[in-house]
Engineer: 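Sharing a structure, written as structure tokens. Questions coming.
Quantities reported herein were computed from a predicted structural model and do not represent experimental measurements. No hydrogens, no waters, no symmetry mates; every other heavy atom, side chains included, goes into these values. Labels below follow one simple rule: chain letters A, B, ... track the order of the sequence lines, proteins then strands, and each chain is numbered from 1.
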Protein chains: 4
Amino acid sequence: MAGNKKELILDSAIKVMAEEGYYFTKMSWIADRAGIAVGTIYNYFSSKEEVLEEIFAREFKKRLDLLAELEESPELSVVSKLELFLVRHFEEIKKNPDLGNILVREKEFPKKEGSINQYLNQIPQSIKKLLEKGDEKGELEINKPELMAAIIFGSIQGVVEQAIKLENYEMLDDASDEIIRFVEMKAVK
Amino acid sequence: MAGNKKELILDSAIKVMAEEGYYFTKMSWIADRAGIAVGTIYNYFSSKEEVLEEIFAREFKKRLDLLAELEESPELSVVSKLELFLVRHFEEIKKNPDLGNILVREKEFPKKEGSINQYLNQIPQSIKKLLEKGDEKGELEINKPELMAAIIFGSIQGVVEQAIKLENYEMLDDASDEIIRFVEMKAVK
Amino acid sequence: MAGNKKELILDSAIKVMAEEGYYFTKMSWIADRAGIAVGTIYNYFSSKEEVLEEIFAREFKKRLDLLAELEESPELSVVSKLELFLVRHFEEIKKNPDLGNILVREKEFPKKEGSINQYLNQIPQSIKKLLEKGDEKGELEINKPELMAAIIFGSIQGVVEQAIKLENYEMLDDASDEIIRFVEMKAVK
Amino acid sequence: MAGNKKELILDSAIKVMAEEGYYFTKMSWIADRAGIAVGTIYNYFSSKEEVLEEIFAREFKKRLDLLAELEESPELSVVSKLELFLVRHFEEIKKNPDLGNILVREKEFPKKEGSINQYLNQIPQSIKKLLEKGDEKGELEINKPELMAAIIFGSIQGVVEQAIKLENYEMLDDASDEIIRFVEMKAVK
DNA sequence: AATGAATGAGGGTTCATTCAT
DNA sequence: TATGAATGAACCCTCATTCAT
């Protein structure tokens, strides 16, 4: 039951924040949309920032769990791993574009190491590690893994951003293919 | 003199906003950093939002002017045009990373058609047009220009974001090469 | 409870505005006087202007309701109606001179049709209608009802203004008699 | 020349204040309307309040001078004196309704004994004295001179207020007759 | 656990006034 | 004298958070 209420609040927060952006979002709007009182939110979250953090935490946990799982699949090539990751990510975004909107747009909280930054930084890092593993294994030839990771991560974000802005969600279906093609350029033949 | 003061304010605003993010930035901090009174800012800008808009307007004007100029150079291939654009953009960011920080991070102002959104939307659009031109001219084979533009724009943003976050500005030197290589995959041989 | 808090704020506002005038009145003074926080005022009123409007609205409603009630009393002569109105009005002012002070002094908000102007304009209009009715019924002979209404309304305001300024509240007891005597000059014998 | 500039500023101030009201009037608007710089105003007036005070001072000086002059005319009856005063006052208002607007509307500056209050209080006082003189001389029978003065002063203000609000300036031509008729009620036959 | 009225620190903005030119 | 950019104190209003019920 308690879990349900927290879910309810998060769903409501995602909708409002996707529409208005984190800073314009008022706690009272989240409450209204959820059909509860403002005070109730504070029984489940200690602050507005924590609501956003929880959203990021959950979504990033999904991605990072998937990445960890893929990590431990020796039968898969690095490129396949990346592909599986992309496919799944874009599927999730397609299921809930509001979420994608938030994930892609909220970049504030400068300095503060905690907050959402901790999550945002992990994906490019994981991609970088993946690419380095590919290089070590002789699958790929990556000279500048940090740069490549930046490009790949950027591509992912860019696709989500445009898909939502243009309301062209089909773009998400083709995106992994296209990005993977880019990585395959680096494949050692 | 007047131009100087406006410049002074913008420089100060760029520094503060890069450090703190637009929403955390206080008008009084911009004034302090510029060594002037808060009221003075309002002699040059009508609101905090307008300060950010001016920053975006100026930087995007530079980019869009360059794109327009390249447009009218029939001797250049589409790929070369894109390359020149990228090289110049990354050079500018390297000269003033604070600016890059802001350009890449501020994505709020949802809905509001005016504000910074008008600028943010123009670059992917211009890239898309460039790609379509390349397709028409038989230089490139682009099936989904919108997707490709999203990926390229995303890559650019991703590189700037990571370069700044990791304080690895050399990344910016190699980024255009790498991104162009991706576009060249689409070249018709 | 809620009604009480609104009342509390209005009472406080009346006192402060009577002492200081609307423009000098600070929201924080109203709050202090009411023993509440500034923010609380905004749970009941959307702006400082709305506080003043509510004061006017309430007082004018009382007057206009009375006028409407008198309107529907065919047994009363027009002069008697006017007299009853004056007596009641001056009684009210005597009970709460602070209120009278505000009602008589605040005339700003130029142009703006909403705001307090809508109320201020209604009394002379009602008086004019009353005089015209008297003329029609053959009770009075009024050639210039607009002028007469202006004089009567001005007299009322003038009496309240001086009574408060000179702190001579007895003046209010005699005022209706004197003003009515003036109207009776117009009585058809 | 200097006198001219001061005149220019006052004329401009009257127009702006009549349109906007004292509190909404910005010093810069007065300057703009006068075709001069804001700073220049401060060469002739020490503050915004002083501009308003000067307007009141001048107009009230005219009235008080007239009253003083009438005072020393033993051949005139009190009623005639009052009539001459009213006629002149309404004539002036008709010549410059903007001025009337200000004179009638600005009542703020509570407490502060200086400011415009000093002027506003003098007219009812003078009227009261005039009435008392009439009583002494056996011309009039006035039991409550303070009340009568309040009514007469209120009438004057009310007429000006309505004439301006309704843009019915003809009202001003008939007003003195009507008000005098009221005073004549008190005449000893 | 749920409520929502109360809180009050905080910040963007205004604008009368100043003063160097 | 005239200018008008610079000043900065002042204030309305917002809204995340609290807490008594």
Engineer: For nucleotides 13-21 of chain E, read 5' to 3', which letter fits each nucleotide if B means a protein heavy atom sits under 4.0 Å from the base, S means only the sugar-phosphate is that close, and - means neither?
Structural biologist: BBSSBB---
Engineer: Find the distance D/I30:CD1 to F/dT3:P and express it as a whole number of Å.
Structural biologist: 15 Å
Engineer: Between A/T25 (side chain) and A/E20 (backbone), is there a donor-acceptor pair under 3.5 Å?
Structural biologist: no
Engineer: Please report, rounded to the nearest Å, how far the C1' atom of F/dA6 is from the CD1 atom of B/I41.
Structural biologist: 12 Å
Engineer: For C/E53, what residues pass the salt bridge (Lys or Arg N to Asp or Glu O under 4.0 Å) criterion, not counting sequence neighbours?
Structural biologist: none
Engineer: Name the stems that DNA chain F belongs to, where each is three or more consecutive Watson-Crick or G-U pairs with both distances under 3.5 Å?
Structural biologist: E:2-21 with F:2-21
Engineer: Tell me: CG of C/N4 to P of E/dA6, nearest whole Å?
Structural biologist: 11 Å
Engineer: Quick check: on DNA chain E, is the nucleotide nearest C/A37 upstream (toward 5') of the one nearest B/W29, or the reverse? Name the residue that is more 5'.
Structural biologist: C/A37
Engineer: Rounded to whole Å, how long is the line connecting atom NZ of A/K6 with atom C1' of E/dA2?
Structural biologist: 17 Å
Engineer: Taking ring-ring contact (aromatic ring centres under 6.0 Å, His included) as the definition, give me every residue that meets it alongside D/Y42, ordered by chain and number, with sequence neighbours left out.
Structural biologist: none
Engineer: Quick one: C/E50 CD to F/dC12 C1', roughly how many Å, whole number?
Structural biologist: 14 Å
Engineer: Using a 6.0 Å distance limit plus a 45 degree cone around the ring axis, check whether B/K48 lies over the aromatic ring of B/Y22.
Structural biologist: yes
Engineer: Can you label the angle between the D/Y23 ring and the C/Y23 ring as parallel, tilted or perpendicular, going by 30° and 60°?
Structural biologist: parallel
Engineer: Partners of A/E54 by salt bridge (Lys or Arg N to Asp or Glu O under 4.0 Å), sequence neighbours excluded?
Structural biologist: A/R58
Engineer: Write down the distance between CZ (A/F45) and P (E/dA2), rounded to a whole number of angstrom.
Structural biologist: 12 Å
Engineer: State whether the side chain of B/D98 and the backbone N or O of B/A18 hold a donor-acceptor pair below 3.5 Å, judged by distance alone.
Structural biologist: no
Engineer: Please identify each residue that fulfils salt bridge (Lys or Arg N to Asp or Glu O under 4.0 Å) with B/K61, with sequence neighbours left out.
Structural biologist: B/D65
Engineer: Take atom OH of B/Y22 and atom P of E/dG11, then tell me their distance rounded to the nearest Å.
Structural biologist: 14 Å
Engineer: Measure from CD1 on C/I36 to P on E/dA5 and round the result to the nearest Å.
Structural biologist: 14 Å
Engineer: State the CZ-CD1 distance between D/R33 and D/I9, to the nearest 0.5 angstrom.
Structural biologist: 14.5 Å
